[in-house]
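First comes the structure, then the notes that go with it.
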Amino acid sequence: YYYQSGELSERSYVIDNLLSGKVERFDKEENKTYEAFYEIIEKDGKKISQQTGTETYWEKNNIKTIVEWKDGMQNGVTKAYYAKGQLEKIMHFENGKLHGSYQTFYENGQLKEDYIKLIWVGTGNSENVSWNTVYDESANITRKFYADKTGKSLIEHNFENGKRKELDVNNIFKLTFSETQQLNSIHWLNWVGSSIGFDLFSNQQVRRVQFSLNKLPSLTANFASNGD
């Protein structure tokens, strides 16, 4: 295939109307922008063409994405890059779905997200499982959570400026912390149809008690810093 101005836009090979071998695409400056590979196989008594091997995208002569294919689906490692060539993502696929390590990076090279993705048989979707971590550009943890095989978060830590801010356990109870890492509040959630929480002063004296039952209005008691 050619552009109207005469430059080659795509080069591919066809056997019996089926793609076979290398497929290449080019921009008008004759720079390669795409490369992929196809194979002809017999499936269910019929010949088909399916993608295999390494698929590569370029943008302004820089690699943008590299994708591994097998049996006509994404299988193996996929890598994405920023415009200046820095690594942006590393993903692992199994039969077209995310499965395994999933990492993203800031442009300065610092790890941003470090997840584990597995395919849950219940839905067939890829879910975050086990311990997963999110970082800021200075390598401080901003979030760390543990998820079960369905992707439900069971334990979640949230941080701010490298310091722990919240701890949430399976939506059963939540702890919050001050900038000096002192306990700031304790809240029990969904506790036999009710919830109760304690907020604390910096001297660890109780500042407020809150209680709610089902859909009834919540009750609140406030205290002075000396406990009165």
Side-chain angles (χ1 to χ4, degrees), residues 22-25 32-39 41 49-172 174-175 177:
K22 185 188 293 187
V23 174
E24 298 172 289
R25 296 173 189 155
K32 186 183 289 189
T33 60
Y34 178 80
E35 180 181 274
F37 297 86
Y38 287 79
E39 61 183 356
I41 65 164
S49 176
Q50 66 180 22
Q51 201 164 340
T52 188
T54 303
E55 178 183 43
T56 308
Y57 293 82
W58 287 267
E59 191 174 283
K60 297 179 180 179
N61 284 325
N62 293 318
I63 292 177
K64 185 66 177 175
T65 312
I66 299 175
V67 184
E68 294 298 328
W69 290 77
K70 182 181 178 183
D71 300 327
M73 293 182 285
Q74 282 184 253
N75 277 286
V77 179
T78 291
K79 296 181 180 181
Y81 297 86
Y82 287 106
K84 294 183 179 180
Q86 309 97 314
L87 184 62
E88 182 180 3
K89 292 181 182 179
I90 302 178
M91 301 165 283
H92 291 77
F93 284 81
E94 183 176 292
N95 296 329
K97 296 182 179 180
L98 288 166
H99 188 78
S101 174
Y102 178 99
Q103 295 180 314
T104 65
F105 300 84
Y106 292 100
E107 289 191 69
N108 64 4
Q110 165 59 39
L111 182 63
K112 181 179 182 180
E113 298 168 315
D114 190 9
Y115 294 164
I116 298 294
K117 302 260 187 189
L118 294 182
I119 301 170
W120 183 42
V121 294
T123 61
N125 297 325
S126 297
E127 305 289 353
N128 295 323
V129 301
S130 190
W131 284 106
N132 301 270
T133 310
V134 182
Y135 302 86
D136 64 21
E137 290 190 73
S138 300
N140 297 310
I141 295 176
T142 60
R143 182 184 180 218
K144 187 168 186 174
F145 64 96
Y146 183 88
D148 65 14
K149 65 181 180 180
T150 69
K152 180 182 178 181
S153 179
L154 301 181
I155 304 172
E156 182 164 340
H157 302 267
N158 287 292
F159 300 82
E160 192 172 277
N161 299 321
K163 297 180 179 180
R164 190 189 310 276
K165 186 178 181 182
E166 293 179 343
L167 168 61
D168 191 332
V169 178
N170 198 23
N171 202 30
I172 296 174
K174 178 184 286 188
L175 308 179
F177 300 86

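All values derive from a computational prediction rather than experimental measurement.
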- Go through the steps for Thr65 and Lys79 under the test side-chain contact (heavy atoms from CB on, under 4.5 Å), then give the verdict. CA-CA 6 Å; Thr65 312; Lys79 296 181 180 181; over 6 Å; no
- Item | Pair Phe37-Glu35, side-chain contact (heavy atoms from CB on, under 4.5 Å): steps then yes or no | CA-CA 7 Å; Phe37 297 86; Glu35 180 181 274; 3.8 Å; yes
- Message: Run Ser130 and Tyr146 through side-chain contact (heavy atoms from CB on, under 4.5 Å) and show every step you take.
- Response: CA-CA 5 Å; Ser130 190; Tyr146 183 88; 4.1 Å; yes
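Using the six-membered ring where Trp is involved, Tyr115 and Phe145 have ring planes that are perpendicular, over 60° apart on the 30 and 60° scheme.
Between Lys32 and Glu24 a salt bridge is recorded (basic side-chain N to carboxylate O distance below 4.0 Å).
Looking only at side-chain heavy atoms (C-beta outward), Tyr135 and Thr133 come within less than 4.5 Å of each other. Using a 4.5 Å cut-off on side-chain heavy atoms (C-beta onward), Glu156 and Leu167 make no contact. Contact annotation: the side chain of Lys152 approaches that of Thr150 to within less than 4.5 Å [non-hydrogen atoms, C-beta and beyond]. The closest side-chain heavy-atom distance from Asn75 to Glu94 is below 4.5 Å. With a 4.5 Å cut-off on side-chain heavy atoms, Tyr102 and Ile90 do not count as touching. Contact annotation: the side chain of Leu154 never approaches that of Val169 to less than 4.5 Å [non-hydrogen atoms, C-beta and beyond]. Phe105 is not listed as a side-chain neighbour of Lys89, based on a closest heavy-atom distance of 4.5 Å or more. Looking at Asn62 and Tyr81, their side chains never come closer than 4.5 Å, going by heavy atoms from C-beta outward.
The shortest heavy-atom contact between Gln74 and Trp69 is N-CE3, 3.7 Å. Scanning both residues, Ala36 and Glu55, for their nearest heavy atoms gives CB-CG, 4.1 Å. The two atoms that bring Leu98 and Ser126 nearest to each other are O-OG, 2.5 Å, heavy atoms only.
A cation-pi contact, defined as under 6.0 Å to the ring centre and within 45° of the axis, is absent between Lys64 and Trp58.
Expressed to the nearest 0.5 Å, how far CD1 of Ile155 lies from CG of Asn170 amounts to 8.5 Å. For the atom pair NZ (Lys70) and CD (Gln51), the distance works out to 15.0 Å, reported to the nearest 0.5 Å. Here Glu127 contributes atom CD and Asn132 contributes atom CG; the two are 11.0 Å apart, rounded to the nearest 0.5 Å. Atoms CD and CD, from Glu160 and Glu166 in turn, are 9.5 Å apart once rounded to the nearest 0.5 Å. Atom CD1 of residue Ile66 and atom OH of residue Tyr57 lie 12.5 Å apart, to the nearest 0.5 angstrom. Glu88 CD to Thr104 OG1: the interatomic distance, rounded to the nearest 0.5 Å, is 8.0 Å.
The side chain to side chain contact (heavy atoms under 4.5 Å, CB included) check on Glu39 picks up Ile41, Gln50, Thr52, with sequence neighbours excluded. Residues forming a side chain to side chain contact (heavy atoms under 4.5 Å, CB included) with Leu118 (at least two apart in sequence, or on another chain): His99, Ile116, Val129. Taking the ring pair (Phe, Tyr, Trp, His ring centres under 6.0 Å) definition, one finds that Phe159 meets it with nothing, sequence neighbours left out.
With no hydrogens or angles considered, no side-chain donor-acceptor pair links Arg143 and His157 at under 3.5 Å. A donor-acceptor contact closer than 3.5 angstrom is absent between the side chains of Ser138 and Gln110.
Although no hydrogens or angles enter the test, the distance criterion places no donor-acceptor pair under 3.5 Å between the side chain of His92 and the main chain of Val77.
Annotation for Asn108: atom CG counts as buried by contact number, over 12 foreign heavy atoms lying within 6.0 Å. Dense packing is recorded around OH of Tyr106, with more than 12 heavy atoms of other residues, nucleotides or ligands lying under 6.0 Å away.
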